[in-house]
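Here the structure is a predicted model, which means the values were calculated and not measured. Residue numbers begin at 1 in each chain, while the letters A, B, ... track the order of the sequences.
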Amino acid sequence: MTQMLTLAGQNLLTPMILCFALGLAAALARSDLSVPEAAAKAMSLYLLFAIGFKGGVAVAAHGFDGHLFATLIGGVVLSFGLPLVAYALLRTITRLSALDAAAVAAHYGSISIVTFVTATSVLTGQGIAYEGYMVAVAAAMEAPAIVSALWLVARSGSGARMDAKLWHEILLNGSIVLLVGAFAIGLTTGEGGMAKIESFIVSPFQGVLCLFLLDMGLVAGRGLRGAKGVLSVGAVAFGVIMPVIGAAFGCGVGLALGLSTGGLALLMVLAASASYIAVPAAMRVALPEANPALSLTLSLGVTFPFNLTLGIPTYIAVAQAVTGG
Amino acid sequence: MTQMLTLAGQNLLTPMILCFALGLAAALARSDLSVPEAAAKAMSLYLLFAIGFKGGVAVAAHGFDGHLFATLIGGVVLSFGLPLVAYALLRTITRLSALDAAAVAAHYGSISIVTFVTATSVLTGQGIAYEGYMVAVAAAMEAPAIVSALWLVARSGSGARMDAKLWHEILLNGSIVLLVGAFAIGLTTGEGGMAKIESFIVSPFQGVLCLFLLDMGLVAGRGLRGAKGVLSVGAVAFGVIMPVIGAAFGCGVGLALGLSTGGLALLMVLAASASYIAVPAAMRVALPEANPALSLTLSLGVTFPFNLTLGIPTYIAVAQAVTGG
Amino acid sequence: MTQMLTLAGQNLLTPMILCFALGLAAALARSDLSVPEAAAKAMSLYLLFAIGFKGGVAVAAHGFDGHLFATLIGGVVLSFGLPLVAYALLRTITRLSALDAAAVAAHYGSISIVTFVTATSVLTGQGIAYEGYMVAVAAAMEAPAIVSALWLVARSGSGARMDAKLWHEILLNGSIVLLVGAFAIGLTTGEGGMAKIESFIVSPFQGVLCLFLLDMGLVAGRGLRGAKGVLSVGAVAFGVIMPVIGAAFGCGVGLALGLSTGGLALLMVLAASASYIAVPAAMRVALPEANPALSLTLSLGVTFPFNLTLGIPTYIAVAQAVTGG
Amino acid sequence: MQTHAAKRVEIIIEAPMESRLTDALITAGVTGFTVLPVLGGSGRSGQWSREGQLGRAGMVAVICLIRPEALDGLLQAAFAVVERHIGVVSVTDAQVLRAERF
Amino acid sequence: MQTHAAKRVEIIIEAPMESRLTDALITAGVTGFTVLPVLGGSGRSGQWSREGQLGRAGMVAVICLIRPEALDGLLQAAFAVVERHIGVVSVTDAQVLRAERF
Amino acid sequence: MQTHAAKRVEIIIEAPMESRLTDALITAGVTGFTVLPVLGGSGRSGQWSREGQLGRAGMVAVICLIRPEALDGLLQAAFAVVERHIGVVSVTDAQVLRAERF
Ligand SMILES: Nc1ncnc2c1ncn2[C@@H]1O[C@H](COP(=O)(O)O)[C@@H](O)[C@H]1O
Ligand SMILES: Nc1ncnc2c1ncn2[C@@H]1O[C@H](COP(=O)(O)O)[C@@H](O)[C@H]1O
Ligand SMILES: Nc1ncnc2c1ncn2[C@@H]1O[C@H](COP(=O)(O)O)[C@@H](O)[C@H]1O
Ligand code: NA
Ligand code: NA
Ligand code: NA
């Protein structure tokens with residue numbers, strides 16, 4: 001416990017977390033500090049490309065260790081299953097309608113790539129190795145949750161719009177394509193490719209992440225400011241409890257898969273984190289009557305900071321404890 | 001004198017100054033070379049973050065040396081006082097209305113962070129140390145000048161709009177928040193934080209500054225092109241004389257404060273430079289009848305290049321002479 | 001031949017080419033992956049600045065070797081002459097109107113700076129030196145082709161709009177000004193300037209090029225998708241044959257000029273590549289009735305990938321063979 | 001100069017619905033439209049701004065100039081798409097040059 | 001389709017005044033508006049362009065669809081903000097779908 | 001509030017022609033205009049999008065509020081520029097505040 005708190009303390013005082021806090025504070029204080037949309041998108045392209053490429057190079061170096069496919073399936077199962085848990089929890093502790101609960105559940109079954117990226121950064125900082133293919137697992141966990149959520153809605157009788165076009169948009173959304181594509185490029189070009197672009201994708205990585213988290217803080221803060229009255233106490237509680245539950249499920253699956261300490265921690269992080277890019281867009285199309293501010297504020301304003309500060313160090317500590325790593 | 005000219009020569013032939021000159025020339029020649037607004041804003045976020053963070057880390061390393069608060073106050077006094085000097089000078093050597101003179105005066109009491117950043121870059125290049133907290137002083141000098149200018153206007157009978165909302169906007173404007181926030185983050189995370197993001201905020205710094213100055217040159221050139229007839233000979237003279245007067249005041253205050261050679265040079269630079277971000281926006285709200293093209297063209301088209309080329313090396317030479325450093 | 005294929009294979013499996021392929025595939029698969037316009041422009045500014053600056057520094061280091069002006073003139077002659085060849089070829093193997101053929105010919109007489117940049121990158125990777133002033137040659141080859149194309153149109157009786165304003169726009173277009181300006185800055189500041197900004201313009205260069213080529217792939221793919229029916233078999237054949245013819249002319253001129261192996265390869269690349277920035281804008285003004293989708297799809301969707309994958313390694317191999325380098 | 005009566009339809013719609021709307025317009029026989037970016041706005045579902053956002057967040061404005069007789073078809077097509085979504089559809093009387101283009 | 005008479009108000013105003021204008025609109029009971037970016041323009045105070053600018057430079061266009069009877073209140077609120085500032089306010093007659101939303 | 005009759009002219013034109021159009025407008029005595037960015041669109045020459053583009057690609061929208069009596073001069077000036085080019089020109093009746101500014 002003490003160790004966890006120390007870790008949390010260390011984690012809290014990194015430039016990354018403090019940048020997020022700065023953004024959050026600036027937005028809550030109504031400063032006009034802002035990151036241009038194009039710059040935010042450019043940074044996210046950079047981060048996705050870098051993390052995907054590094055994962056591919058790592059797999060190229062260590063070879064496929066057979067667990068790749070098992071872990072992919074484990075991730076997909078988590079993404080399918082967690083929305084059901086989230087939905088049940090929401091219907092129990094909040095008064096959200098079936099529709100809103102399903103929409104929120106979709107976000108929590110899916111993943112937040114920035115939380116993942118931050119966790120890899122913390123792991124690297126602590127010298128804990130992880131399976132390079134975890135980025136592929138991250139990509140695989142983006143979409144299945146949407147299916148579960150739409151099934152929940154269909155079951156409750158409301159109409160969800162799920163057509164071939166939406167499938168196409170979800171499966172080929174920009175983040176997934178870039179992440180998987182960069183992974184494949186890293187896998188193909190290996191160390192040789194890495195040598196060429198290392199000083200672009202490795203050295204400045206943490207710095208870019210800082211500015212990106214500043215923007216995440218600004219967006220989260222603006223969301224929280226506008227969300228007065230949107231978030232009930234129950235909803236906020238959900239935003240803190242659900243990641244812990246997700247992490248527990250992730251831990252179970254990861255242990256069953258025999259992941260390394262770092263890999264286990266990352267699967268917990270993926271399960272614990274909630275989407276705020278791909279799923280929101282899909283929900284606007286499929287469930288237009290669901291309140292978008294609700295999901296986004298919960299995932300970006302409550303769960304994201306929770307994971308960033310307390311979550312990640314806790315998941316890593318737990319992963320170390322259970323794997324003895 | 002010879003030494004000063006040599007320094008000026010050296011300073012003129014750096015990639016930074018030449019990039020500014022290129023931008024200026026391109027805009028005056030009506031080339032369509034342009035930097036997207038989002039890219040310019042992203043670069044300014046980067047520069048503010050980097051310079052603030054570095055300042056914080058420097059203070060963390062050397063400790064607060066007691067002069068911090070005195071220097072902050074010195075800077076604030078300069079920012080309050082210089083508009084009065086500028087206003088008197090403008091009313092003497094130009095035919096500007098009280099309103100326009102006050103608006104211009106506000107710009108000159110405040111500071112230009114890019115001039116400051118360029119000066120730190122020159123100092124670093126010459127191996128001259130400076131107090132890390134000077135970035136905090138820069139932040140503190142942004143706003144007070146606005147108050148003095150509005151007081152000048154109120155005195156002359158015209159109505160200025162100064163409400164709580166404007167106060168809020170000025171004090172929490174994005175540049176100040178990011179500069180001070182990054183300073184605080186650097187202070188908190190110290191050398192450890194620096195180690196994490198050094199290859200992002202230190203190594204590429206000068207290169208980013210080059211591209212940013214290219215954009216400044218383009219904006220200044222476009223302004224000058226559009227300002228035919230806006231700038232009288234008196235106004236241009238003011239744009240060159242006022243920075244020298246400001247630097248002289250800065251020198252006096254800095255000597256009284258016992259700043260190091262580098263710190264003294266930077267305070268002179270701050271006093272000599274004129275705002276072109278925060279103050280213009282505030283003036284549009286508070287003094288909408290003042291001519292915005294006038295202030296911006298003077299500050300960005302005349303004083304900025306003057307400081308960049310002749311000013312900075314002169315102020316450094318003077319600071320070395322008077323501190324014997 | 002085997003060697004060429006091996007080279008082609010090596011070239012195909014670099015992160016750069018694979019990034020282009022990823023973009024192309026993503027766009028063809030209708031993924032919503034996209035690079036913001038501002039980010040694409042910022043990257044192109046970076047690449048132009050870096051390549052120009054490096055060229056200037058190289059010339060500063062090795063001195064003008066007398067060939068500079070001869071090579072400039074050689075490049076200009078190529079740019080004037082190639083549109084005539086391209087036009088004759090188009091009128092023979094396609095059914096394009098005189099107007100459309102002239103517009104396409106203008107693109108092929110001019111150059112693609114990204115193809116050039118990629119080629120320098122491959123050369124550097126293979127340790128083959130080239131004349132630093134080749135970037136100046138690249139700049140000089142942008143515009144003359146436009147004149148030839150307009151002459152072709154005037155001869156065929158259609159009216160082209162060529163006024164002083166358009167001349168001005170072509171000669172002072174942003175890419176040319178930045179490329180030449182950065183070259184001049186590199187030339188002036190030499191190794192000293194390079195030392196200041198090396199970690200900005202050298203280290204991350206290849207990585208930025210990767211992301212930029214990803215965007216090129218996306219744009220090319222979108223163009224190809226929208227161009228169903230626009231491109232005839234003859235046009236596609238032209239897009240593959242013309243660069244080879246251009247390279248052959250480039251090779252002849254380069255040999256006559258006595259260029260080094262790397263310089264010869266680059267002149268071939270310039271002659272083989274087709275413009276997709278400056279010329280399209282000029283054609284919209286001068287030949288508004290020409291179909292813009294046609295030229296752009298051919299140059300960016302057919303010739304650019306051809307050069308990137310097969311062309312560059314072939315041209316380098318040929319340059320090595322004929323210079324014995 | 002000779003101008004021709006037309007209708008200017010302006011549809012402000014969520015960005016993720018943009019391609020569905022434009023596909024529907026094309027299916028409905030609309031020959032042209034223009035998409036403008038939107039910075040932010042406010043409505044019954046609250047205030048929002050594009051700044052710093054990721055993904056296909058926010059809204060866009062689709063402008064469509066059509067012959068008056070084509071209005072009803074267009075509105076029906078547009079309505080089918082926006083029906084369940086937030087956003088606004090407005091129509092103004094306009095005059096256009098070069099009617100042969102519509 | 002069934003449409004309803006409305007007014008389309010378009011206010012082009014300096015970016016630093018945007019939040020003051022939208023606050024005033026909300027206070028005046030306006031239920032919705034949309035903000036469009038502006039690239040540049042020209043007027044009595046000269047020509048300007050957004051390119052490469054920093055800070056809250058430039059202008060924005062605020063579009064507001066309202067019931068005709070609400071027009072005067074809106075114009076008064078807008079006028080109080082823009083009065084001393086550069087910028088233009090124009091009103092067009094429009095028809096909207098889904099009037100229940102306004 | 002007191003408003004004045006005006007015309008709102010909206011010209012959607014290729015970006016490389018923008019300065020030619022605005023120069024022509026100024027020569028024709030137009031006192032002000034505003035340029036809006038365009039994200040993409042569709043017309044007889046196909047569909048296009050600004051995303052990832054380089055150079056002066058794409059289109060812009062130029063908006064011009066003028067006195068009704070100045071309309072014909074403006075349209076003639078605009079037509080001379082857009083005549084051979086793709087793009088659309090539309091005119092709407094409008095009311096403006098502060099007519100002394102036009
Ligand atoms: N009356 C209106 N005038 C202009 N834009 C509006 C109006 N109402 C809504 N909007 C736009 O449509 C978006 C969604 O509106 P709503 O469905 O009311 O939340 C808002 O954020 C605005 O961008
Ligand atoms: N007649 C007009 N039509 C359209 N926009 C205008 C007009 N007059 C002014 N503007 C816009 O308002 C800004 C300020 O105008 P002004 O106050 O005349 O300098 C200009 O830069 C344009 O963006
Ligand atoms: N009817 C229309 N309504 C709105 N915008 C149009 C219309 N027709 C054309 N445009 C715009 O003008 C561009 C060129 O049109 P076109 O000349 O028909 O290819 C299109 O890409 C659209 O942005
Ligand atoms: Na999750
Ligand atoms: Na000052
Ligand atoms: Na060529």
*Distance in Å, M216(B) CE paired with M16(B) CE, rounded so as to fall on 0.5 Å steps*: 15.0 Å

*asked:* Report which part of V202(B) has an atom under 4.5 Å of a heavy atom belonging to chain C: side chain, backbone, both, or neither.
replied: neither

*asked:* Is L214(B) in contact with chain C via its backbone, its side chain, both, or neither, using a 4.5 Å heavy-atom distance?
replied: side chain

*Proximal component of A50(C), with respect to chain B [non-hydrogen, under 4.5 Å]*: neither

*Do S260(B) and E131(B) meet the criterion of a side-chain donor-acceptor pair at a distance under 3.5 Å?*
yes

*In this structure, are over 12 heavy atoms from other groups packed under 6.0 Å from H62(B) atom NE2?*
no

*Heavy atoms only, distances under 4.5 angstrom: which of P204(B), S121(B), S199(B) has the most pairs with chain C? Name it, please.*
P204(B)

*asked:* Under a 4.5 Å cutoff for heavy-atom pairs, which residue among P15(B), S203(B), C19(B), A42(B) has the most contacts with chain C?
replied: P15(B)

*Stepwise ring pair (Phe, Tyr, Trp, His ring centres under 6.0 Å) check, F304(C) with F20(C)*: CA-CA 10 Å; F304(C) 183 67; F20(C) 180 81; 5.2 Å; yes

*Please work out whether the ring planes of Y46(C) and F205(C) are parallel, tilted or perpendicular, with thresholds of 30° and 60°.*
tilted

